[in-house]
Novice: 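This is the structure I want to talk about, given as structure tokens.
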Protein chains: 2
Amino acid sequence: MADSHGGESLLYLTDEQLRQGIEAMYFAYRGFTADPDRILATMAYGRAHHRAIHFINRAPGTTVTNLLEILGVTKQSLNRVLRTLIEDGLVESRVGSADRRERNLYLTEAGEALENRLSDAQRTRMRAAYRDAGPEAVSGFRRVLEAMMDKEMKRRYAALRESGQ
Amino acid sequence: MADSHGGESLLYLTDEQLRQGIEAMYFAYRGFTADPDRILATMAYGRAHHRAIHFINRAPGTTVTNLLEILGVTKQSLNRVLRTLIEDGLVESRVGSADRRERNLYLTEAGEALENRLSDAQRTRMRAAYRDAGPEAVSGFRRVLEAMMDKEMKRRYAALRESGQ
DNA sequence: TTGGAATGTCAACAAAGCTGACTTATTGTG
DNA sequence: CACAATAAGTCAGCTTTGTTGACATTCCAA
């Protein structure tokens, strides 16, 4: 029972244990996105809008190019999302002061309100999962996730972490 | 041991810490899917094909309905994927012996070959992440993921785990 | 002043999800 | 047996979110 989560020696990690980790990742990610998805479905928005809102909130004043790099999509794809958010008054795009080719992105009050709703839902689930799993599990969780990232994403993740705290 | 004094420290989980967990989950999932995605992109397949192949391999002889429940998509969506896999000779659909309305799904040799390529890539990354994070991190990782799943997905995940080992 | 960078836009397309309506077998039940 | 329910599959049409490619605009910097 105590070892049912693959805590056995790493030297003997079987394909079966790895596959369980893979499936856990798949099912957990669905839970991870389920709550925001439900909220977004009531509006004309999807996950792409959520991601844009999340990272604009995370780094207010970020440029479009920076957002493109974090999200890893094409500018056409992001632009479509950004355009609707700006039209709907959730995001504001200000011409850069230093470099006026750039656009600095900010959430409006309405944008912040939606961001709060979405991240509240996601944090609530995360908090519950952390509570269920226990404090020692949390650091392990974070360590494995970080080790699973692509190098470039790890860099961006670290940069966000530093800026946030 | 995990629960002795852990409850207290969890009370101090800040929104910032939770957000870091959320972002870690987002960036890690991208890494998690990156390797299979690269392989699939060289063929005319996508993630949906990968998921079908994965779970057919996991539970050979599974029915379409069962697969639908695991994947949580509509039959129209799954059917499109399944049809191409059958046409391409990666999946075999046999009429059920007990109930001839059912179709039992199996990977062909070619299907198994692709499954191996895909899961090898994914397992390699998972193994490396486990190694980097250390053995204690792994059980924590698994515990948090499981706690993050929807109830129904947790049930299906557990059922797969039992059948696999 | 000119090249390149940052941004934005148009058009066309694809993957993968969705709803709704329907058919065809087959099975279980009244 | 008759009929309702179930499993699977199909057609049509729609949405979201990603992709290429081509091109215009604006503006900084050499």
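Each chain gets a letter, A, B and so on, in the order its sequence line appears, and its residues count up from 1.
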Novice: For A:D120, check side-chain hydrogen bond (donor to acceptor under 3.5 Å, both in side chains) against everything at least two apart and list the hits.
Specialist: A:R123
Novice: C:dA6 P sits how many Å from A:L105 CG, rounded?
Specialist: 15 Å
Novice: Does a side-chain N-to-carboxylate-O contact under 4.0 Å join B:E23 and A:R142?
Specialist: no
Novice: Report the residues that fulfil side-chain hydrogen bond (donor to acceptor under 3.5 Å, both in side chains) with B:R94, sequence neighbours left out, ordered by chain and then residue number.
Specialist: B:E92
Novice: Let me have the donor-acceptor pairs involving side chains of residues 80-88 of chain A, under 3.5 Å, with sequence neighbours excluded, atom names and distances please.
Specialist:
unit_1, atom_1, unit_2, atom_2, d
A:T84, OG1, A:H49, NE2, 3.4
A:T84, OG1, A:V81, O, 2.9
A:D88, OD2, A:Y45, OH, 2.3

Novice: Grab the CZ-P distance between A:R83 and C:dG8 for me, whole Å please.
Specialist: 10 Å
Novice: What integer distance in Å separates B:L85:CG from D:dA8:P?
Specialist: 16 Å
Novice: With 3.5 Å as the limit, what N/O pairs link the protein to nucleotides 1-4 of chain D?
Specialist:
none

Novice: Between B:I86 (CD1) and D:dG9 (P), how many Å, whole number?
Specialist: 6 Å
Novice: Nearest whole angstrom, please: distance from the P of C:dG17 to the CG of A:L40.
Specialist: 18 Å
Novice: Report the residues that fulfil side chain to side chain contact (heavy atoms under 4.5 Å, CB included) with A:A28, sequence neighbours left out, ordered by chain and then residue number.
Specialist: B:M25, B:L145, B:M148, B:M149
Novice: Please name all residues satisfying side-chain hydrogen bond (donor to acceptor under 3.5 Å, both in side chains) with A:E152, sequence neighbours left out, ordered by chain then number.
Specialist: A:R155, A:R156
Novice: Residues two or more places apart in sequence or in another chain: which of them pass side chain to side chain contact (heavy atoms under 4.5 Å, CB included) with A:A113?
Specialist: none
Novice: Using a cut-off of 4.0 Å between protein heavy atoms and nucleotide atoms, how would you tag nucleotides 15-25 of chain D 5' to 3' with B, S and -?
Specialist: -SBBBBBB---
Novice: Quick one: salt bridge (Lys or Arg N to Asp or Glu O under 4.0 Å) partners of B:E102, sequence neighbours excluded?
Specialist: none
Novice: Under 4.0 Å from OP1 or OP2 of D:dA8: is there any side-chain N or O of B:N79 that close?
Specialist: no
Novice: Who are the side-chain hydrogen bond (donor to acceptor under 3.5 Å, both in side chains) partners of B:Y29, not counting sequence neighbours?
Specialist: none
Novice: Under 3.5 Å, which donor-acceptor pairs link side chains of residues 34-41 of chain A to any protein atom two or more places apart or in another chain?
Specialist:
unit_1, atom_1, unit_2, atom_2, d
A:D35, OD1, A:R38, NH2, 2.7
A:D35, OD1, A:R125, NH2, 3.1
A:D35, OD2, A:R125, NE, 2.8
A:D35, OD2, A:R125, NH2, 3.4
A:D37, OD1, A:R47, NE, 3.3
A:D37, OD2, A:R47, NE, 3.2
A:D37, OD2, A:R47, NH2, 2.7

Novice: Applying side-chain contact (heavy atoms from CB on, under 4.5 Å) to A:R51 and B:Y26, what does each step give before you reach the verdict?
Specialist: CA-CA 10 Å; A:R51 291 196 284 264; B:Y26 169 67; 3.4 Å; yes
Novice: Calculate the interatomic distance between B:N104 atom CG and D:dA7 atom C1'; express it in whole Å.
Specialist: 12 Å
Novice: Give the rounded distance in Å between these two atoms: CG of B:N66 and P of D:dA7.
Specialist: 11 Å
Novice: Identify, residue by residue, the members of residues 88-101 of chain A with a heavy atom below 4.0 Å from DNA chain D, and return them in order of residue number, or none.
Specialist: A:D99, A:R100, A:R101
